[in-house]
Every structure is written in C-alpha cells, then in structure tokens.
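Inspection log for the structure reproduced underneath, given as structure tokens.
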Number of protein chains: 2
Amino acid sequence: MDQDRISQAEYLKALAHPTRIRILELLESEGRCVSNIGEKLDLKQSNISQHLGILRSRGILSLRREGGHSIYCIKDPRVAKILDLLRG
Amino acid sequence: MDQDRISQAEYLKALAHPTRIRILELLESEGRCVSNIGEKLDLKQSNISQHLGILRSRGILSLRREGGHSIYCIKDPRVAKILDLLRG
DNA sequence: GTATTATATTAGAATATAATAATCTGAATG
DNA sequence: CATTCAGATTATTATATTCTAATATAATAC
C-alpha cells in the first residue's frame with residue numbers, strides 16, 4: 001500500500017517550512033494564541049493563521065478557544081523528536 | 001539566525017515526497033543502483049535519477065561508481081530515525 | 001571506432017505552495 | 001444594535017515542484 005508513503009510525505013511536508021518550524025519551536029514550551037505568535041515572529045496575521053491551519057489540518061496542532069483567543073498547542077508527540085533530530 | 005530553520009526546512013522537504021521515502025526505504029538495507037531502484041518502484045529512469053539527485057544534493061545520499069553503475073547509499077544517519085518515527 | 005548500457009541533464013507543461021491584501025465571521029463590549 | 005478585536009477565509013500573484021519526453025554523457029562491449 002502506498003497510501004502510507006503519501007501520508008508520511010504529507011506529514012513531513014507540513015513540517016518542512018521555516019515559519020512552521022519556528023511556530024513549533026514556540027509552541028514546544030507552551031500553547032499560544034495567534035496574535036502572540038504573530039508578535040514573536042513578526043509576520044502578517046493571515047499568514048500565521050494559514051500556517052497554523054496547515055499544521056492543524058495534519059493533526060499536528062490542536063486548538064482550544066479561551067476568552068476571545070484561539071490557543072494552539074502541539075498535539076503530535078513526534079514533533080519534539082523531530083525538532084530534536086533537526087537540532088542534533 | 002534564521003538560516004537554521006531554512007536549512008532544516010530544506011532537509012525535511014527533501015524527505016517529504018512519497019517516491020523519495022520509498023527510495024530511502026529501499027536503501028535502508030543496502031546500497032542500490034538507479035536501474036535496480038527503477039525496477040522496484042516501476043518509475044521512469046529520469047524521474048528516479050532526479051529524486052536521487054535531490055537526496056544527494058542535500059547530503060542525504062552518497063554515490064559511488066562501480067562497474068557501469070552508480071550505487072547510491074544512505075549517508076545521513078538521521079534518516080533511519082525519521083523513517084522509524086514515520087512508521088511509528 | 002560503433003554500438004550498447006547506465007545514468008544524467010534539460011526543457012516544458014501541469015500542478016502545488018506561499019505571501020500579501022482584502023474580506024468575512026463571531027464573540028465581547030459599550 | 002453598532003463597534004471592536006481576534007482570527008479565518010478568499011483571491012491574486014509569484015514562485016517552486018513534479019513529471020514526461022528528449023537529449024546528452026560516460027563507460028563498457030564488440
């Protein structure tokens with residue numbers, strides 16, 4: 001079955017962007033809202049929202065609402081291992 | 001410095017393709033030549049050669065010549081770990 | 001040398017991604 | 001209910017990837 005490799009490639013592709021790596025690094029320590037991430041990375045809100053959407057649609061991030069804010073957290077436990085490998 | 005995240009993203013991007021994942025899986029056990037990989041994957045020679053070139057240009061594969069053949073081998077030790085992670 | 005085999009490179013069309021800007025939705029507040 | 005704030009969605013444009021087909025190179029065989 002090659003659907004496996006397609007899914008695996010899509011997973012890696014979701015991680016394979018400098019901004020998304022930076023987002024994951026920020027979220028490693030704690031959940032954050034979109035505007036907080038926006039300040040840290042100094043990028044347009046819509047751009048960050050799109051990247052977060054990509055990570056969420058792949059099951060890598062989870063989202064909860066809290067007050068007026070959307071808090072994103074890392075959901076996939078493999079992320080920490082991959083970030084470690086990359087820093088290796 | 002954000003050059004780090006750019007390089008990390010490029011590394012992941014090199015891995016993030018179903019055909020390249022299949023190639024890496026084949027090479028996990030032993031080095032192989034282009035035509036051998038071609039038979040296993042049933043893809044056009046030029047396509048495989050291009051994918052191998054991408055993996056080699058990122059330092060993921062190494063190449064040695066042997067008889068009329070180019071033998072590709074996994075060079076980057078992180079690959080095994082990432083494949084394991086993907087298999088989860 | 002010529003032919004053959006193995007691989008690499010190039011060119012081009014189709015598709016996918018990414019950034020920006022603009023618009024929309026929904027919740028909370030006055 | 002009108003306004004504001006946080007975030008999501010859409011449209012557009014620019015760039016990058018991927019595949020196929022064709023061509024080029026390099027080594028070996030005859």
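What you are looking at is a predicted structure, and each value in this text was computed from that prediction instead of being measured.
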Write down the atom of A:G31, the atom of A:C73, and the distance for their closest heavy-atom approach.
CA-SG, 3.8 Å
In residues 32-44 of chain A, what residues come within less than 4.0 Å of DNA chain D, judged by heavy atoms?
A:C33, A:V34, A:S35
Once rounded to the nearest 0.5 Å, what's the spacing between atom CD of B:Q3 and atom CD of B:Q8?
10.0 Å
Distance-only criterion, 3.5 Å: show the donor-acceptor pairs between side-chain atoms of residues 54-65 of chain B and protein atoms not counting sequence neighbours.
residue: B:S57; atom: OG; partner: B:G53; partner atom: O; Å: 3.4
residue: B:S57; atom: OG; partner: B:I54; partner atom: O; Å: 2.9
residue: B:R64; atom: NE; partner: B:E66; partner atom: OE1; Å: 2.9
residue: B:R64; atom: NH2; partner: B:E66; partner atom: OE1; Å: 3.1
residue: B:R65; atom: NH2; partner: B:S70; partner atom: OG; Å: 3.3

Using 0.5 Å steps for rounding, measure from the CD1 atom of A:I48 to the CZ atom of A:R22.
9.0 Å
Base-contact (B) and sugar-phosphate-only (S) positions in nucleotides 22-30 of chain D, heavy-atom cut-off under 4.0 Å, - elsewhere:
B--------
For residues 10-17 of chain A, which side-chain N or O atoms pair as donor and acceptor with protein atoms under 3.5 Å away, sequence neighbours left out?
residue: A:Y11; atom: OH; partner: A:D76; partner atom: OD2; Å: 2.6
residue: A:H17; atom: ND1; partner: A:T19; partner atom: N; Å: 3.0

Shared hydrophobic cluster for B:L85 and B:I23 (ILVMFWY, side-chain gaps under 4.5 Å)
yes
Under-4.0 Å side-chain N/O to phosphate OP1/OP2 contact, A:Y72 with D:dA8:
yes
Taken to the nearest 0.5 Å, the spacing of A:R5 CZ from B:I21 CD1 works out to 8.5 Å
What are the atom names and distances for every N/O pair under 3.5 Å that joins the protein to nucleotides 15-18 of chain D?
residue: D:dT17; atom: OP1; partner: B:K13; partner atom: NZ; Å: 3.1
residue: D:dT18; atom: OP1; partner: B:R20; partner atom: NH2; Å: 3.4
residue: D:dT18; atom: OP2; partner: B:R20; partner atom: NH1; Å: 3.4

Could you check whether A:S49 gets within reach of a base, just the sugar-phosphate, or nothing at all, counting any heavy atom under 4.0 Å?
base
Nearest-Å distance, NE2 (A:H69) to P (D:dT4)?
17 Å
Give the rounded distance in Å between these two atoms: CG of A:L63 and P of D:dA6.
16 Å
Less than 4.0 Å between a side-chain N and a carboxylate O, is that true for A:D84 and A:K81?
no
Donor-acceptor contacts, no H, no angles, side chain residues 33-47 of chain A, under 3.5 Å, sequence neighbours left out:
residue: A:N36; atom: OD1; partner: A:R32; partner atom: NH1; Å: 2.9
residue: A:N47; atom: OD1; partner: A:H51; partner atom: NE2; Å: 3.1

